[in-house]
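Structure record follows, encoded as structure tokens.
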There are 2 protein chains.
Amino acid sequence: MNNSQKHTAVSSKTVGRLSRYRRLLRQCREQEDCLFSHRLAELAGVTPAQVRRDIMAVGYSGSPSKGYEIKTLLQHIDNFLDPPIRQPVALVGVGNLGRAILAFFAGRRPKLKIVAAFDKDPHKADRVIVGCRCYPVEQLADIMQNHGITIGIIAVPASAAQETAAALVASGATGILNFAPTPLRVPATVYVEDIDLTTSLDTVAYFARSTREPSLERST
Amino acid sequence: MNNSQKHTAVSSKTVGRLSRYRRLLRQCREQEDCLFSHRLAELAGVTPAQVRRDIMAVGYSGSPSKGYEIKTLLQHIDNFLDPPIRQPVALVGVGNLGRAILAFFAGRRPKLKIVAAFDKDPHKADRVIVGCRCYPVEQLADIMQNHGITIGIIAVPASAAQETAAALVASGATGILNFAPTPLRVPATVYVEDIDLTTSLDTVAYFARSTREPSLERST
DNA sequence: AATTATCTGTGAAAAAAATCACAATATCAA
DNA sequence: TTGATATTGTGATTTTTTTCACAGATAATT
Ligand SMILES: NC(=O)c1ccc[n+]([C@@H]2O[C@H](COP(=O)([O-])OP(=O)(O)OC[C@H]3O[C@@H](n4cnc5c(N)ncnc54)[C@H](O)[C@@H]3O)[C@@H](O)[C@H]2O)c1
Ligand SMILES: NC(=O)c1ccc[n+]([C@@H]2O[C@H](COP(=O)([O-])OP(=O)(O)OC[C@H]3O[C@@H](n4cnc5c(N)ncnc54)[C@H](O)[C@@H]3O)[C@@H](O)[C@H]2O)c1
């Protein structure tokens with residue numbers, strides 16, 4: 001019981017893809033028992049070599065003849081991705097996006113669930129929003145420490161994002177999923193993943209223009 | 001009036017960062033007239049060299065003494081990122097997430113706005129949801145072609161994502177922003193950007209565990 | 001006007017990520 | 001048993017992305 005994280009430092013890209021593989025594998029485990037790297041690659045939209053490399057990280061070997069046994073591979077990925085015990089999550093900002101996020105994660109993943117939501121609006125505090133208890137932000141530190149929360153999701157307006165990040169970190173967060181369109185200033189020991197809709201849409205728009213060949217369309 | 005896209009093919013990473021720079025620059029253009037690469041780098045959370053490289057893509061040169069003139073740089077970034085005329089967007093799936101997205105983009109970007117939303121639920125069709133007209137999915141092809149829509153946002157359940165993507169592409173989409181946790185199968189000429197919450201949260205959770213050093217905390 | 005200090009723009013180098021390509025291995029057909 | 005075939009795991013290679021580092025530029029200072 002000593003392995004886990006020291007192999008060669010797995011990249012966040014690989015971790016992300018493993019998460020995606022996991023979902024795909026769960027879907028197809030009813031139909032199939034085993035699959036080959038090229039099959040999983042096709043499902044995931046990556047190359048077979050990429051799949052094999054990624055799978056190396058979880059310490060499981062397939063057989064050249066049958067490929068990967070889905071059940072076992074899933075166990076290995078779960079073991080790699082899932083927290084050993086439990087890793088509760090806090091959501092800050094119960095607005096439009098916050099509620100959608102609560103709805104999205106509700107009832108999934110027992111080990112990685114949103115156990116508390118916070119909002120500075122008193123109307124939202126002390127209620128159960130989508131099955132999740134909502135508290136006033138003032139109680140953030142207390143409740144995070146009570147629950148042992150180490151992950152925060154930021155869904156507050158950009159203007160409040162930095163202070164929210166600071167509060168989360170001060171209360172023990174070591175990972176943050178940030179939806180506010182602001183780069184967060186946090187200690188280097190804290191892992192931040194930004195999800196920036198504007199940036200994503202700008203990027204899609206840019207490549208939607210250049211991806212289309214010279215002449216086309218103009219239907220009747 | 002010939003330049004724009006053929007320089008050396010700008011990467012999506014650069015495009016994304018330019019979008020981020022733009023937002024930051026807009027914020028600080030009240031306080032400052034000019035800034036240096038290291039200042040913008042600090043704001044954006046990247047290195048100064050990265051900023052300078054990215055800015056090369058928009059064809060603007062700063063002065064070694066004063067840095068970049070914010071107003072002019074913004075013009076160049078706008079010119080680079082924004083569509084020449086107008087690039088209307090369609091949203092498919094007006095559920096929790098869809099409504100949050102409509103709210104988020106409402107009233108911004110005249111050139112890049114969501115002009116139509118679609119849902120298969122008749123209760124949602126033919127209404128104005130957050131300032132955006134909502135139609136039954138059956139009208140997707142017609143309305144996309146009427147409006148000349150080339151960008152689609154997918155916010156339908158995963159099970160309907162592939163068919164939605166196919167419908168979008170068939171109706172002229174060349175770029176898709178996909179929130180459904182499913183890899184989309186589309187022609188290579190269509191640019192797809194996936195936003196996968198589960199994957200993102202898994203990644204944060206993974207690094208939230210390994211990012212913290214051996215011993216710490218346990219405050220009173 | 002010379003000196004100093006500091007920046008940009010960019011070729012070159014480094015680092016990171018993806019892909020190639022092949023030995024090792026397993027299976028099957030004859 | 002042998003040969004043909006197909007796949008894995010991974011070292012080597014390629015490609016992509018980031019960073020380095022410095023020539024050239026600009027302004028302030030003496
Ligand atoms: N709506 C979307 O689809 C979307 C998408 C991407 C990003 N975002 C970003 O996510 C954030 C939230 O978006 P939204 O649409 O839900 O906005 P919203 O205004 O609907 O919700 C924001 C919520 O945060 C609460 N809040 C404000 N300051 C707070 C603080 N200091 N502490 C705790 N709670 C606080 C508000 O009371 C409100 O309930 C914004 O930064 C937005 O830019 C939104
Ligand atoms: N809620 C979130 O925060 C969140 C976050 C990330 C990703 N997602 C993903 O986004 C998608 C939507 O999530 P949601 O929470 O809004 O779900 P939701 O169930 O609230 O909304 C889905 C909507 O899509 C409509 N729909 C279903 N099939 C359709 C079809 N074929 N054509 C047009 N409309 C159709 C439904 O009528 C419904 O209104 C899901 O794939 C989900 O996994 C959601």
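Convention: sequence-line order gives letters A, B, ...; per-chain numbering from 1. Given the structure is predicted, the values throughout are model-derived calculations rather than measurements.
Of the candidates C:dA18, D:dT19, C:dA21, D:dT19 carries the atom nearest the B:T47 side chain, counting heavy atoms from C-beta on. Candidate nucleotides C:dG9, D:dT19, C:dT19 were compared by shortest atom distance to the side chain of B:R52, and C:dG9 ranks first. Here the nucleotide nearest the side chain of B:P64, chosen from D:dA25, C:dT27, D:dT17, is D:dA25.
Salt bridge status for A:K111 with A:D82: absent, with no side-chain N to carboxylate O gap under 4.0 Å.
A sub-4.0 Å separation between OP1 or OP2 of C:dT27 and a side-chain N or O of A:S65 is present. Contact between the side-chain N/O atoms of B:R17 and the OP1/OP2 oxygens of D:dT18 is found at a separation under 4.0 Å. Phosphate proximity of C:dT8 to B:S37: present, with a side-chain N or O under 4.0 Å from OP1 or OP2.
Using a 30° and 60° split on the angle between ring planes, A:Y191 and B:F207 fall in the parallel class, below 30°.
Distance CD1 (B:I55) to P (C:dT8): 8 Å, rounded to an integer number of Å. Between B:Y68 atom OH and D:dT26 atom C1' there is a gap of 15 Å when expressed in whole angstrom units. Counting to the nearest Å, the C1' atom of C:dG11 and the CZ atom of B:R53 are 8 Å from each other.
Mapping A:Q50 and B:S61 onto DNA chain C by nearest heavy atom places B:S61 at the nucleotide closer to the 5' end. Residue order along DNA chain C, read from the 5' end via each residue's closest nucleotide, puts B:A49 first among B:A49 and A:K13.
Side chains of B:R185 and B:Q162: no donor on one and acceptor on the other come within 3.5 Å.
Residues B:K113 and B:V89 have side chains not in contact (no heavy-atom distance under 4.5 Å, counting atoms from C-beta outward).
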